[in-house]
A.B. asks: 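Before anything else, here's the structure in question.
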Amino acid sequence: MATATITAGAVPAPAMPAVPTTISTRRLIAFLAMVFGMFMAILDIQIVSASLAEIQAGLSASSDEIPWVQTAYLIAEVVMIPLSGFLSRMLSTRVLFAGAAAGFTAASALAATATNIDQMIVYRAIQGFIGGGMIPSVFAAAFTIFPPSRRAMVSPMIGLVATLAPTIGPTVGGYISHALSWHWLFLINVVPGILVTAATWSLIDFDKPNLGLFSKFDWWGLAGMAAFLGCMEYVLEEGPNHDWLQEQAVFICAIIMVVGAVLFFWRAFTAEEPIVDLRAFTNVNFAFGSLFSFVIGIGLYGLTYLYPVFLGRIRGYDSLMIGEALFVSGLAMFVTAPISGILSSKMDLRVMMMIGLLGFAAGTWWMTHLTADWDFYELLIPQILRGCSMMLCMVPINNIALGTLPPDRLKNASGLFNLTRNLGGAVGLAVINTVLIDRSAFHYARLAEHVEWGSAAAQQKLQNMTLDFQQTPGLDATKAAISKLSGMAHQQASLLSFMDVFTMLTALFAIMAVFTMVISKPAPPAGGGGGGH
């Protein structure tokens, strides 16, 4: 069996021993512990999103300060994800992952003890930075320790965790903060975190450290990358709400981002051991896989954001009601994961990905017919389409991007691959927020032209509403009627802006579905973890 495998992968022979033909129980348990650690790290991005109001009240924070509970985590995590490839080679997967799990657990416990917003932001940044080291390690391990014949089982598992965790984050967070208190959003990580740390420290034996890399550590490259990615995340998060470069902090961060980008890319191409090895992009499949991962990030984080905003802003739902309305997507992902694993070994991955992207497009197109009365049942089919499509896309994208890389490039590449998904989410959210704000103002201006004193329909509506309000004693009926009419126009403008965003996403996913035809057919899994293009 071993001989046959070596013969089949004759060209990249030196790399082949890293991909075994079987996997031991010890390694399987270690891998499952790693997957659970990754689940906690990704879940914590979104777990606070539905409970920010409770955290704000508990810490006496202002409405401007409280978004930083999420932003600090994202900025720190987005810096660590690409850095983890270098650290994993230098320290070994065992030291990096167990250290990341221990640090994440400690930072979670600290976040639960925060008494003011400044402490919380610092603890969340530590939590995001250290926790970010766990995410790419799982992707690299999956393609290093499992034989290609088993990837149909492993890829759906990590795909499910990477997509399910942010989707159910607001639901889980809503339940925890309602049932217990916001402190438990962080305390819930402590016991599982200790178990993951112990399991990974004692069981991981995939690779050996290369401490000689420390002397070649590119500090300038790290500084450039941190400035570039950290400031980019901040600009994308804050830009839409502050008219982009009109806000001084956004403007300064944009300048630092550009300087950081120049320094980072210069070091990436000239340093002896760059912090991030960009050569992985010379593998055509990896480059295309990363592009699709970027688009999936837009779909994953964009829709996880849009549905709760619609239900909160238009329907007036609280966090628990939003969580209950949105659990369908997570359920659909869970059900589709094993099916997508089976399909990935029997079907052309490009066709599978095209079906997934067209399913996404169908779900967002359905949402373009939105009304203010839409509730759980109207959102049911779009959510099922979203959940099923996410898994149909994730599995082939993982296999296309990472399945043809040699094992020595996997650690860096999996960091870059995960980074593209997070950046897709950040760019997607910035564009979505900007479109929502700009189009809402545009639609309100158009509607206001029709709801003016010269309009007979508007006058009639105003008169009827004034008569209704006159039944309430002590109320200025005319003012109340004008206020209600204005509110109706604002709500309608907001709805129309949501429809514009869903139309835009439909076009994006439909175009990307056509784009799958451009990819060359990926090598079948039996071909091993060979050397790419």
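What you are looking at is a predicted structure, and each value in this text was computed from that prediction instead of being measured. For this chain, numbers begin at 1 and follow the sequence in order. Quick note: numbers below take in every heavy atom, side chains included, and nothing from hydrogens, waters or symmetry partners.
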A.B. asks: Between S497 and V435, is a side-chain contact (heavy atoms from CB on, under 4.5 Å) present by the stated rule, with each step listed?
C.D. replies: CA-CA 7 Å; S497 67; V435 172; over 6 Å; no

A.B. asks: Kindly compute the distance separating CG (L91) from CG (N210), expressed to the nearest 0.5 Å.
C.D. replies: 10.0 Å

A.B. asks: In Å, rounded to the nearest 0.5 Å, how long is the span from CG of L429 to CG of L306?
C.D. replies: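 Here the interatomic distance stands at 8.0 Å.
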
A.B. asks: Would you call F86 and D218 a side-chain contact if the rule is heavy atoms closer than 4.5 Å?
C.D. replies: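 No, side chains not in contact.
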
A.B. asks: Which of parallel (below 30°), tilted (30 to 60°) and perpendicular (above 60°) describes F310 and F498?
C.D. replies: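 Judged by the thresholds at 30° and 60°, the geometry between F310 and F498 is perpendicular.
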
A.B. asks: Backbone N or O of L110 within a donor-acceptor pair of the T113 side chain at under 3.5 Å?
C.D. replies: yes

A.B. asks: Would you find a donor on one side and an acceptor on the other, under 3.5 Å apart, between the side chain of S137 and the backbone of G133?
C.D. replies: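 Flag set: sc S137 to bb G133 pair under 3.5 Å.
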
A.B. asks: Determine yes or no for a side-chain-to-main-chain donor-acceptor pair under 3.5 angstrom, with S440 supplying the side chain and I437 the backbone.
C.D. replies: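 Pair absent, no side-chain N/O of S440 close to backbone of I437.
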
A.B. asks: Where do F502 and I432 land on the side-chain contact (heavy atoms from CB on, under 4.5 Å) test, with the steps shown first?
C.D. replies: CA-CA 9 Å; F502 283 118; I432 286 167; over 6 Å; no

A.B. asks: Look at the side chain of S293 and the backbone N and O of G289, then say whether any donor-acceptor pair between them is shorter than 3.5 Å.
C.D. replies: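 Side chain of S293 to backbone of G289, a donor-acceptor pair under 3.5 Å: no, none is there.
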
A.B. asks: For residues I126 and A107, report the shortest heavy-atom separation together with the two atoms involved.
C.D. replies: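 Looking at all heavy atoms of both residues, the closest pair is CG2-CB, 3.9 Å.
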
A.B. asks: I need the N433 CG to D438 CG distance, nearest 0.5 Å.
C.D. replies: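 Nearest 0.5 Å value for the CG-CG distance: 10.5 Å.
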
A.B. asks: Quick one, M353 and I400 - any side-chain contact, counting heavy atoms below 4.5 Å?
C.D. replies: yes

A.B. asks: Of all heavy-atom pairs between L278 and A268, which one has the smallest distance, and what is that distance?
C.D. replies: CD1-CB, 3.8 Å

A.B. asks: Please check if the side chain of S92 supplies one atom and the backbone of K208 the other of a donor-acceptor pair under 3.5 Å.
C.D. replies: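 No, the answer is negative, given that no donor and acceptor are paired below the 3.5 Å cut-off.
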
A.B. asks: What's the separation between atom CD1 in I314 and atom CG in L495, rounded to the nearest 0.5 Å?
C.D. replies: 4.5 Å

A.B. asks: Can you find a pair of side-chain heavy atoms, one from E233 and one from N422, that are under 4.5 Å apart?
C.D. replies: no

A.B. asks: Please report the closest heavy-atom contact between I158 and A142, naming both atoms and the distance.
C.D. replies: CD1-CB, 4.0 Å

A.B. asks: Does the T368 side chain pair with the main chain of T364, one donor and one acceptor, at a distance under 3.5 Å?
C.D. replies: no

A.B. asks: Can you name the salt bridge (Lys or Arg N to Asp or Glu O under 4.0 Å) partners of R124, sequence neighbours left out?
C.D. replies: D44

A.B. asks: Can you check whether F129 and Y73 have ring centres sitting under 6.0 Å from each other?
C.D. replies: no

A.B. asks: Atom CG in L392, atom CG in L349: separation rounded to 0.5 Å?
C.D. replies: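 It comes to 11.5 Å.
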
A.B. asks: Side chains of I135 and M38, heavy atoms from C-beta outward: is any pair under 4.5 Å?
C.D. replies: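 When only atoms from C-beta onward are counted, M38 and I135 do touch, with a gap below 4.5 Å.
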
A.B. asks: Please evaluate residues R421 and M394 with respect to the criterion side-chain contact (heavy atoms from CB on, under 4.5 Å), reporting the C-alpha separation (whole Å), side-chain torsions for both, the decisive distance (0.1 Å), and the verdict.
C.D. replies: CA-CA 11 Å; R421 189 176 63 248; M394 254 326 248; 3.8 Å; yes

A.B. asks: Would you indicate whether I188, at its atom CD1, is surrounded by more than 12 heavy atoms from other residues, nucleotides or ligands within a distance under 6.0 Å?
C.D. replies: no

A.B. asks: Does the side chain of Q127 come within less than 4.5 Å of N189's, by heavy atoms?
C.D. replies: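 Side chain of N189 against side chain of Q127, heavy atoms only: contact under 4.5 Å found.
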
A.B. asks: Roughly how far apart are I296 CD1 and I397 CD1, rounded to 0.5 Å?
C.D. replies: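 Between atom CD1 of I296 and atom CD1 of I397 there are 4.5 Å.
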
A.B. asks: Establish, yes or no, whether the cationic atom of R446 lies under 6.0 Å from the six-membered ring centre of F442 and within 45° of the ring axis.
C.D. replies: yes

A.B. asks: Is any side-chain heavy atom of M40 closer than 4.5 Å to a side-chain heavy atom of P192?
C.D. replies: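 Heavy-atom side-chain distance check passes, below 4.5 Å.
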
A.B. asks: Which class fits the ring pair F186 and W182: parallel under 30°, tilted 30 to 60°, perpendicular over 60°?
C.D. replies: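 Rings of F186 and W182: perpendicular, over 60°.
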
A.B. asks: Heavy atoms only: give me the nearest P136-S414 pair and the separation to one decimal.
C.D. replies: O-OG, 3.0 Å

A.B. asks: Which word best sums up how the rings of F515 and F292 line up, parallel for under 30°, tilted for 30 to 60°, or perpendicular for over 60°?
C.D. replies: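 The arrangement is tilted - the two ring planes meet at 30° to 60°.
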
A.B. asks: Would you call M225 and L263 a side-chain contact if the rule is heavy atoms closer than 4.5 Å?
C.D. replies: no

A.B. asks: Looking only at heavy atoms, what is the nearest atom pair of T516 and M354, with distance?
C.D. replies: OG1-CE, 3.3 Å

A.B. asks: Please assess Q492 against Y444 for the test side-chain contact (heavy atoms from CB on, under 4.5 Å), listing each intermediate value before the final yes or no.
C.D. replies: CA-CA 8 Å; Q492 204 56 40; Y444 184 74; over 6 Å; no

A.B. asks: Between P82 and V276, what is the shortest heavy-atom contact and its length?
C.D. replies: CB-CG2, 3.7 Å

A.B. asks: Please confirm whether F217 and W219 have ring centers closer than 6.0 angstrom.
C.D. replies: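 Close enough - the centres of the two rings lie under 6.0 Å apart.
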
A.B. asks: Any side-chain heavy-atom pair from M512 and F360 closer than 4.5 angstrom?
C.D. replies: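 They are not in contact (no side-chain heavy atoms under 4.5 Å apart), so the answer is no.
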
A.B. asks: Looking only at atom types and distance, does a side-chain atom of S389 sit under 3.5 Å from a main-chain N or O of R386, one as donor and one as acceptor?
C.D. replies: no

